[in-house]
Amino acid sequence: MDDPLFDDTTSADDSGNFPPRFDSARVEAQILSRREAPPRNPGGTPFSMVVPPPNITGRLHMGHALNLTIQDVAARYRRMAGQDVLWVPGVDHAGIAAQNVVEKKLREEGIDFKTLGQEEFVSRVWAWKESIGSGIGDQIRRLGASLSWDHERFTMDPGFSRAVREVFVRLYEDGALYRAERMIHWCPRCLTALSDVEVTHVDREGQLVYVRYPDAGGAGEILVVATTRPETIVADLALAVHPDDPRYQGWVGRSVRVPMTDRLIPVVADTAVDPAFGTGVLKITPSHSMVDFEIGGRHGLGTLSVMDADGTMNALAGALSGLSREKARERALEVLESDELLDRREPYALAAGVCYRCQTEVEPRLSLQWFVKMAPLAARARLAVSEGEIRFFPSSWQKTYYEWIDNIRDWCVSRQIWWGHRIPAWSCNDCGHLAVLREDPAVCPACQSSAIVRDPDVLDTWFSSALWPFATLGWPEETPDLARFYPTSLLVTGFDILFFWVARMIMMGLYLTDRAPFRDVYIHALVRDEFGQKMTKSRGNVVDPLELMDRFGTDAFRLSLALLATPGRDIRLSIERVEASRNFVSKLWNAFRFISRTVPGGTPLLSDPGAVRGIANRWILSELVRTERDYREAMESYRVDEAALLVYRFTWSLFCDWYLEAAKTDADRDPQDPLRQETLSTLLTVGAALLDLAHPILPFVTEELSRIFGFDNASVGSSPALLGLSILPGESPEPFERIRTMVGSVRQIRTVMKIPPTQEIPADLVLSDPGLSPEALWPFLRRLARVVPSSSPLLKGLRAPFRDGHLVLDLGDLVDFTQEAARLDREVARVEGKIAEVSGRLSREEFVRKAPPEVVEKDRALVVTLEEEKEGLLAARDQVRDFLSGGR
RNA sequence: GGGCGAUUAGCUCAGCGGUAGAGCACUGCCUUCACACGGCAGGGGUCACAGGUUCGAUACCUGUAUCGCCCA
């Protein structure tokens, strides 16, 4: 073991090697096996988040991965900044989704869940929940998400259930919750009511069917009605026309006969009718259409329901009874056809409402349900955002939020399923009293009868989710957690649940705690496949995050997501991107491999970065300070993508490409040379700081490297480097920038002249700037450009020009001047183009007069620089031309 | 029908009033003692289109086109 850093058992693979590849699988397994809770810092300012609880039915998908990565970056960053971070994990009981899963499982076992009864079924769901254990939780850990696992909650754990019940009762007592018979969206497959947001719309190719309604007077006149739902004709209770429609003035008040039946219905006038749709005559089916229900109400039409809960036509459907909705539609067309009441049909694109859980087309249905009054809640929720109490990132989501808030309708919260929070309402069979209670009653509170029945329905899953930020912290108890961490600091979520979840948390939070439940809301987009397609099972384009983590490492996967997480834009994730990130992790790893070989154990970190003298050292430190400043700015404004890019660029383009190469020069110096010591310490210091910057995004590789180097525990990530480097080194870093241009100039010539990279070129250094010391420059030029001081002054040679001087290169006989002449011509043209542009601007009086002085000044300085550059290029070109014409 | 977003290099995307950028792909050279999951050098863009504001517009405003999403 010749490397002093590896003289103990903490080496990379515990056998003294620092392999050229980072073994992500091994390191991740090792770190995860410790199952450490992330550290808390009771002395720090609180920073809290609640995780959007994944469904118990869930498996980690791209959306989770993105969501958790962003949160974890925030959590780790805050921890490193000394804050006391609480990030509450948890799982949602996922009412309908979980019920569906268990129903299906039972069906596969040959059991019809309905035969079990509610209690037994619920206990089966609990058993199933136990059987899947911490599946999704383990996958979340796998992603490196540093949640506060000791605070894990479930939306149906006892405490949470108490909170849900408390809210329901409180709303009821306040008159903000009521039971009523209303039109709701009904899923004929899930057999439950749905809220407005649980219905999504899909474009369908339908038909507009024109049907003849004969005049009841027998005069042979007919009204033609256009409908997309001919199967509901048998439930028609009226036809309606717009009162101002000249075509139908004579019809209002008359009666027509309903096709397929013997019923007579009136023709009414209503302003809700759109004269431009179809024939301008609307059939009114109050029991099967939201709009018709309203119109029917205005005209006292009553109701007639021809469909059962499961979408089957019932006994009142006459010729259609017993048929499914779909079959009924076909049959209706046949009957109309044969009755010669079918006028015509035309294709019609319609947006069908479907259940968001099972995609079944929903039915409007009149039924007795529980509703939350939204108007008062919504008003406050609007204010919280418009007054800036809650901030959206990106802020463009405000509009969408207002749009919804402003058009909100009462929220149907009862569900006719078995899995969920049972509604705490009892009705008395004797006196009819309805009791909503915090504790289960034994008898009717009104008449003491024991003939009371509990409402069999459960609550919308989102009802409990709406309590998540405070119920997880102990509400309604006044717990220490609630006092310290509520309101939470940041909520990170996808736009797809803005209405389902975010808006409702705001409403409930304000109503129940009098405070907005969070300060900032970061709304991220969707992860799509590389072609921009949404990842869905049916498309078969779902990429499994776990697979990517296995293949490329979790760090690489997280970095890919972070880099692509531009606010407000969907993410197209391709394997190539993850590969590129993997390469970055490897690059980082190897940079530290180099440091470990170069820097002996026991080397101290820089105690005073401002006192550093070495050209390269000063340069990298000043770049680090700049990067760190921008990085913090990015993190504070939730620009994870920018922060990640800063780390990427600093590491690769500056630290690896330039500093490490330059540091090799200093490291080769005499052991007694103080510059060598300074450089070794700088390497270590910048390395440590770099790990800190990278840690929130790349937790595993940085923790492993920190461990190897004995830096502060990277899971704490409180290396002094990050905190201590707020001072800029005293002097300008410019000398190293000059070196970069010199090196660039030589490298260009080397390429054009086809001189092998390893071949050293003797050269003379000619400097016009007296501030630069050739003695300090040569070692870097030798290392980075492979030029060496020539033993004697060169009279003839090729000029490598840079801004304030040039190198004369002795290329011996290798020279093909024509290529170089052509290159220089191109360069001169490029610089001249720039000069023309900038000086053209400066020559315009208006520009000089109106533009800000600093802009004009900057342009003037730019012209000077460009002129210098041009002169150098011209001198080099002239010389090349000399060689070309005169030989040598 | 209303709203939102997008349109920048072959592809995927940053940038956003003041010399057009990254990753991947492409071309040439290089297995040089951290890294070929690498290095060096390079090619490639009238920043969708048309007006306007401005000393100056890829960026701001208006309109048009195309694409995507949300709501009705």
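Lettering of chains follows the sequences in order, A, B, ..., and the numbering in each one begins at 1.
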On the nucleotide [N], are OP1 or OP2 found under 4.0 Å from the side-chain N or O atoms that [X] carries?
X	N	result
A:Trp404	B:A72	no
A:Thr400	B:G3	no
A:Arg593	B:C35	yes
A:Arg750	B:A41	no
A:Arg577	B:G23	no
A:Asn583	B:G38	yes
A:Arg569	B:A6	no
A:Arg783	B:C33	no

Watson-Crick or G-U counterpart of [N], or none if no pair lies under 3.5 Å:
N	value
B:G51	B:C61
B:C24	B:G10
B:G38	B:C30
B:C16	none
B:G68	B:C4
B:G43	none

Gap in Å between the two [atom1] atoms, one belonging to [N] and one to [M], rounded:
N	M	atom1	value
B:C13	B:A72	P	29 Å
B:U12	B:G38	P	23 Å
B:A65	B:C49	P	16 Å
B:G17	B:G56	C1'	8 Å
B:U27	B:U19	C1'	26 Å
B:G15	B:C60	P	11 Å
B:U31	B:G21	P	31 Å
B:G42	B:G52	P	40 Å

Does A:Phe18 have A:Arg597 sitting over its ring (NZ/CZ under 6.0 Å from centre, angle to axis within 45°)?
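Here A:Arg597 fails the 6.0 Å and 45° test against A:Phe18.
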Kindly indicate whether a cation-pi arrangement holds for A:Arg21 with A:Trp589, taking the cut-offs as under 6.0 Å to the six-membered ring centre and within 45° of the axis.
no
Please classify the nucleic acid contact of [X] as base, sugar-phosphate, or nothing, using heavy-atom distances under 4.0 Å.
X	value
A:Leu660	base
A:Arg582	base
A:Gln748	sugar-phosphate
A:Glu857	nothing
A:Arg786	nothing
A:Val838	nothing
A:Lys664	base
A:Lys399	sugar-phosphate

How close or far is atom [atom2] of [N] from atom [atom1] of [X], stated in whole angstroms?
X	N	atom1	atom2	result
A:Leu645	B:C16	CG	P	12 Å
A:Phe552	B:C37	CZ	P	13 Å
A:Lys858	B:G17	NZ	C1'	12 Å
A:Phe500	B:C70	CZ	P	11 Å

Would you call the rings of A:Phe500 and A:Trp462 parallel, tilted or perpendicular if under 30° counts as parallel and over 60° as perpendicular?
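A:Phe500 and A:Trp462: tilted rings.
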Aromatic plane relationship, A:Tyr659 with A:Phe655 - under 30° parallel, 30 to 60° tilted, over 60° perpendicular:
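Plane angle under 30°, so parallel.
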Between A:Trp404 and A:Phe499, is a ring-ring contact (aromatic ring centres under 6.0 Å, His included) present by the stated rule, with each step listed?
CA-CA 7 Å; A:Trp404 188 69; A:Phe499 307 144; 4.9 Å; yes
Could you tell me whether the side chains of A:Gln748 and A:Arg823 share a donor-acceptor contact shorter than 3.5 Å?
yes
Nearest-nucleotide check on RNA chain B, A:Val197 vs A:Arg826; residue mapping nearer the 5' end is A:Arg826
Which residue lies more 5' along RNA chain B, comparing A:Asn590 with A:Thr751 via nearest heavy atoms:
A:Asn590
